[in-house]
Participant: 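Quick one: this structure, given as structure tokens, is what I'll be asking you about.
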Amino acid sequence: MYKYLLIAALAAAPAAPAFAQSDVGPNGASDAATAYGQSDGVSGLRVEPRIGYDRVITELNVEAGEDSARLSEGKSGVTYGGEVGYDMVVNGGTMLGVYGGIEGSSAKQCFDGGDGVDTCLKPGRNLTAGVRGGFLINPTTVAYIKGGYSNGQIRLNYTDPTFPEDNFRLSDNLSGFHVGAGVQAGFGRNFYGKLEYVYTDYNGYEVVDGSDKASLDFSRHQVVAGIGFHF
């Protein structure tokens, strides 16, 4: 039921929805990483708050007989949340880790349907779980790639003052995947900072009625900074 209401509300709108430190050895990071164990600037349990730029993109595709239309628009906002992970240095200069996180976003798209009709689309909470791997640049700095599962919430609010019986609010959870890359650098005894880019693609909706088909898809681009603590 959700997907029919969501696609119908967006397709009817006149505009597209938017939506620890040490010196490096003579052979560089490899020697340093080999000498470091759980007390280095990369290995161990970590906790970090995160904040950054978030651009959520909504894409509506409609095929009706021989006619087709594609509407795509993005909405920018601030993403905020936290991540918990565990990393270890293996084979000298290689880092492997796992993580899980939760985040929200201020991105929101509202558009006027005329006569006071408003449709607002907003992402809710986003859950992530995945793995990452990289190479030590020095004993406390690592360049890495990451990827895993995402579960994002989408919220839709439709308001029609003329026909209030048609008003509705709904939310749904969408599964997907994310991939990204970043750099993490340690400072002090147990602290680190990081900067990363993450792309997320969610499974959307599709409605088929004979030869007519409509699909609604969501994705996002994020550039996130974090300051974390190693235990």
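Numbers for residues simply follow the sequence, beginning at 1. Here the structure is a predicted model, which is why all the values come from computation and not from measurement.
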Participant: Check the orientation of Phe229 and Phe191. Use parallel for under 30°, tilted for 30 to 60°, and perpendicular for over 60°.
Facilitator: perpendicular

Participant: Would you list the pairs meeting salt bridge (charged side-chain N to carboxylate O under 4.0 Å, His left out) in which at least one residue belongs to residues 88-103, sequence neighbours left out?
Facilitator: none

Participant: Tell me whether Thr79 contacts the main-chain N or O of Ser105 through its side chain, where contact means a donor paired with an acceptor under 3.5 Å.
Facilitator: no

Participant: Would you mind reporting whether Val84 and Leu45 have side-chain heavy atoms less than 4.5 Å apart?
Facilitator: yes

Participant: The test is side chain to side chain contact (heavy atoms under 4.5 Å, CB included); show your working for Cys120 and Gln109 and say whether it passes.
Facilitator: CA-CA 6 Å; Cys120 291; Gln109 176 67 22; over 6 Å; no

Participant: So, for Tyr149 and Gly176, which heavy atoms are closest and what is the spacing to 0.1 Å?
Facilitator: CD1-O, 3.6 Å

Participant: With sequence neighbours excluded, what pairs up with Arg220 under the salt bridge (charged side-chain N to carboxylate O under 4.0 Å, His left out) test?
Facilitator: Asp54

Participant: Answer with yes or no whether the hydrophobic clustering places Phe163 together with Leu170; edges join I, L, V, M, F, W, Y residues whose side-chain heavy atoms lie under 4.5 Å apart.
Facilitator: no

Participant: What's the shortest heavy-atom distance between Val142 and Gly134, and which atoms?
Facilitator: CG2-C, 4.1 Å

Participant: State the CD-OG distance between Gln153 and Ser171, to the nearest 0.5 angstrom.
Facilitator: 4.5 Å

Participant: Side chains of Thr119 and Leu156: closer than 4.5 Å at any heavy-atom pair?
Facilitator: yes

Participant: Might you work through the side chain to side chain contact (heavy atoms under 4.5 Å, CB included) test for Arg70 and Glu59, ending with a clear yes or no?
Facilitator: CA-CA 7 Å; Arg70 176 181 179 272; Glu59 183 176 312; 3.0 Å; yes

Participant: Report yes if the side chains of Glu196 and Tyr144 come closer than 4.5 Å at any heavy-atom pair, otherwise no.
Facilitator: yes

Participant: Indicate yes or no for a side-chain donor-acceptor contact from Asp87 to the backbone of Ser43 under 3.5 Å, with no hydrogens or angles considered.
Facilitator: no

Participant: Give a yes or no on whether Phe218 and Val78 share a hydrophobic cluster (residues Ile, Leu, Val, Met, Phe, Trp, Tyr; joining criterion: side-chain heavy atoms under 4.5 Å apart).
Facilitator: no

Participant: Within this structure, what is the CG-OG distance for the pair Asp201 and Ser175, rounded to the nearest 0.5 Å?
Facilitator: 12.0 Å

Participant: For Tyr99, check side-chain hydrogen bond (donor to acceptor under 3.5 Å, both in side chains) against everything at least two apart and list the hits.
Facilitator: His178

Participant: Among His221, Gln222, Lys146, which residue satisfies the side chain to side chain donor-acceptor pair (under 3.5 Å) criterion with Tyr197?
Facilitator: His221

Participant: Between Thr94 and Phe135, does the side chain to side chain contact (heavy atoms under 4.5 Å, CB included) criterion hold? Intermediate values first, please.
Facilitator: CA-CA 5 Å; Thr94 303; Phe135 296 93; 3.8 Å; yes

Participant: Does the pair Arg50/Glu48 count as a salt bridge with the N-to-O cut at 4.0 Å?
Facilitator: yes

Participant: Between Arg55 and Ser76, do the side chains contain an N or O donor and an N or O acceptor separated by less than 3.5 Å?
Facilitator: yes

Participant: Does the side chain of Cys110 come within less than 4.5 Å of Asp118's, by heavy atoms?
Facilitator: no

Participant: Are the side chain of Asn138 and the backbone N or O of Thr141 linked by a donor-acceptor pair below 3.5 Å?
Facilitator: yes

Participant: Do Val42 and Tyr192 come within less than 4.5 Å of each other through their side chains, counting heavy atoms only?
Facilitator: no

Participant: At what distance, to the nearest 0.5 angstrom, does CD of Glu63 lie from NZ of Lys213?
Facilitator: 4.5 Å

Participant: Can you name the closest pair of heavy atoms from Leu121 and Thr58 and give their distance?
Facilitator: CD2-OG1, 3.6 Å

Participant: Side chains of Tyr205 and Leu174: does their closest heavy-atom pair fall under 4.5 Å?
Facilitator: yes

Participant: Not counting sequence neighbours, which residues clear side-chain hydrogen bond (donor to acceptor under 3.5 Å, both in side chains) with Arg125? List them please.
Facilitator: Asn151, Asn173

Participant: Let me check something: do Ile57 and Val223 share a hydrophobic cluster, defined by ILVMFWY side-chain heavy atoms less than 4.5 Å apart, either directly or through other members?
Facilitator: no

Participant: Any side-chain heavy atom of Val224 within less than 4.5 Å of one from Ile51?
Facilitator: no

Participant: Which residues pass the side-chain hydrogen bond (donor to acceptor under 3.5 Å, both in side chains) test with Gln184, sequence neighbours left out?
Facilitator: Arg132

Participant: Which hydrophobic side chains are connected to Val198, either touching it within the sub-4.5 Å cutoff or through other members that do?
Facilitator: none

Participant: Quick one: sort the Phe177 and Tyr199 rings into parallel, tilted or perpendicular, breaks at 30° and 60°.
Facilitator: perpendicular

Participant: Are the side chains of Leu96 and Tyr86 in touch, meaning some heavy atoms are under 4.5 Å apart?
Facilitator: no

Participant: Mind running side chain to side chain contact (heavy atoms under 4.5 Å, CB included) on Tyr202 and Asn126 for me, showing each step along the way?
Facilitator: CA-CA 11 Å; Tyr202 299 101; Asn126 187 53; 2.8 Å; yes

Participant: Answer yes or no: does atom CD1 of Ile227 have more than 12 heavy-atom neighbours from other residues, nucleotides or ligands under 6.0 Å?
Facilitator: no

Participant: Is the shortest side-chain N to carboxylate O distance from Glu83 to Lys194 below 4.0 Å?
Facilitator: yes

